[in-house]
2 protein chains.
Amino acid sequence: MVRLARFDAEDFVDAAVALIAEGGGAAASMAAIARKVGAPTGSIYHRFESRAAIIATAWQAMQRAFVDRMAPPLAGGRARDAARGLVAWAREDITRARVFLLYDLEALLDGAPPEALRRSIVAQQEELEEAFRAHVDECARATTQPRDEVAARARFLVFDAPIALLRPHLLAGSQPPAFVERIVDEMHAGDAMPARGAA
Amino acid sequence: MVRLARFDAEDFVDAAVALIAEGGGAAASMAAIARKVGAPTGSIYHRFESRAAIIATAWQAMQRAFVDRMAPPLAGGRARDAARGLVAWAREDITRARVFLLYDLEALLDGAPPEALRRSIVAQQEELEEAFRAHVDECARATTQPRDEVAARARFLVFDAPIALLRPHLLAGSQPPAFVERIVDEMHAGDAMPARGAA
DNA sequence: ATGCATTTAGAATGCACATTCTAGATCGAT
DNA sequence: ATCGATCTAGAATGTGCATTCTAAATGCAT
């Protein structure tokens, strides 16, 4: 007893991510997602209770992959590996990285996502932040700088600087050049700088 | 002959920018802009032909301020001053910087802006890129690195890294701490690194 | 073979928004 | 004092979207 489904949840999630990567959040309308999958719009609601549920499900999965890459090296005090992991992830899955690293969940959602998803996303975020705090603790022990500044420098080195280096390539949807890793390494080594030779 | 206007164009532009800064692009609906100014929605159309025209006008003005800060030092080979100018601008006008540095024009517009505005924005963009190219030329003369890499490093140092350092504070709407300038200087000096003391 | 829970299929609904429209107010030039 | 261009004021319109609804199809358990 049951009719077999032609489309499953993952089809819709993948379509939503692809549409956002190509055309921004507004491009991932229910009609566009359905069209991309080849399903009627109504079928989506047999899998997801709302558009926000699809977007949040996609986000949760991307965040899971991101945290799996970043949290272990951070907790182990290997900040350089974490930054490298970020770049490697972007290389391997440029579509998802483009969405996760360049967009903001709040801006993509229209309404509120299901509570369970919201909690899961917050928990994963907290998981990453705990690993990051461990890293900051370790850095703070080796310096006299105020903790605020240590944390800001670490956040920049591990997250924001690699993302900034990737940004042009994420926007263009093209493979980042090899020197991105080189610059990340230089920054973490702290003994060579990007753009030597500037006036 | 004429009734005097109670609201002028700038009121609407300022309201739109403030709304985007607070709640993202979707928060700047025509109704919300009118409400913020205290005007009826219809009055907006006596000044602007469309929502896209308001957004594009706001963008053009923010970009003008940004280019005025960045292009002269870049053209003069003073990359550090350009990066410092970016941070100083964000400090002085955090609301506009928040919108201009964190959002994307395409994503904010709904339809196409008036052609004249589109052209003006492209021209200002080109003005900045020309100054940037001059800077890259100068950097390229002093190194054996391929020009692609020199350009990427310069773009990072001048634009993306300062923006990444400001990002947490732009998102929070809070004044950036003084060490942002210090880190920018260190990166441009090329002889000290953020987050010394990391494992 | 038949029943029926689940699905496809896509039309109908309702809502939020940009835009347009109608009425009436204002004030400088005459 | 009056005219009329330009404005305020806010209701009406049209569109695009998320969501819901109705009908028909499907295929396993019996």
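By convention in this document, chain letters (A, B, ...) are assigned in the order of the sequence lines, proteins followed by strands, and residues within each chain are numbered from 1.
Among the nucleotides D/dT6, C/dT7, C/dT20, the one closest to any side-chain atom of A/A5 is C/dT7. Closest to the side chain of B/Y45, out of D/dA18, C/dA18, D/dA11, is C/dA18. With D/dG10, C/dT19, C/dG10 as the candidates, the nucleotide lying closest to the side chain of B/R51 is C/dT19.
Atom pair A/R35:CZ and D/dG16:P shows a separation of 12 Å (rounding to whole Å applied). Here the C1' atom of nucleotide D/dA25 and the CZ atom of A/F7 are 13 Å apart, to the nearest Å. Following rounding to the nearest Å, A/L4 (CG) and C/dA5 (C1') show an atom-to-atom distance of 12 Å. In this structure, CZ of A/F48 is placed 13 Å from P of D/dT19, rounded to the nearest angstrom. A/R47 has its CZ atom 12 Å from the P atom of C/dT6, to the nearest Å. Between A/H46 atom NE2 and C/dG10 atom P the separation is 14 Å, expressed in whole Å. Per the geometry, CD1 belonging to A/I44 stands 17 Å off P belonging to D/dC21, to the nearest Å. The interatomic distance linking A/D110 (CG) with C/dC15 (C1') rounds to 12 Å, in whole Å.
Contacts of A/A31 with the nucleic acid, taken as non-hydrogen atoms under 4.0 Å apart, involve only primed sugar atoms and P, OP1 or OP2. The residue A/S50 sits close only to the backbone: its heavy atoms come under 4.0 Å of sugar-phosphate atoms, none of a base.
Under 4.0 Å is where a charged nitrogen must lie from a carboxylate oxygen, and between B/D11 and B/R47 no such pair does. Salt bridge absent: A/E181 and A/R80 never bring a charged side-chain N and a carboxylate O closer than 4.0 Å. The existence of a salt bridge linking B/E92 and B/R69 is confirmed by a sub-4.0 Å separation between a basic side-chain nitrogen and an acidic carboxylate oxygen.
Residues B/P113 and B/R118 share a closest heavy-atom pair of CG-CB, 4.3 Å.
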How far apart are the C-alpha atoms of B/D160 and B/R155, what are their side-chain angles, what is the distance that settles it, and do they pass the salt bridge (Lys or Arg N to Asp or Glu O under 4.0 Å) test? CA-CA 7 Å; B/D160 293 329; B/R155 187 175 302 280; 5.7 Å; no

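For B/S43, no side-chain nitrogen or oxygen approaches OP1 or OP2 of D/dC7 to under 4.0 Å. Of the side-chain N and O atoms in A/S29, none sit less than 4.0 angstrom from OP1 or OP2 of D/dC17. Between B/R3 and C/dC27 there is no side-chain polar atom (N or O) within less than 4.0 angstrom of OP1 or OP2. In this model, the phosphate group of D/dA9 is approached by a side-chain N or O of B/R6 to a distance below 4.0 Å at OP1 or OP2.
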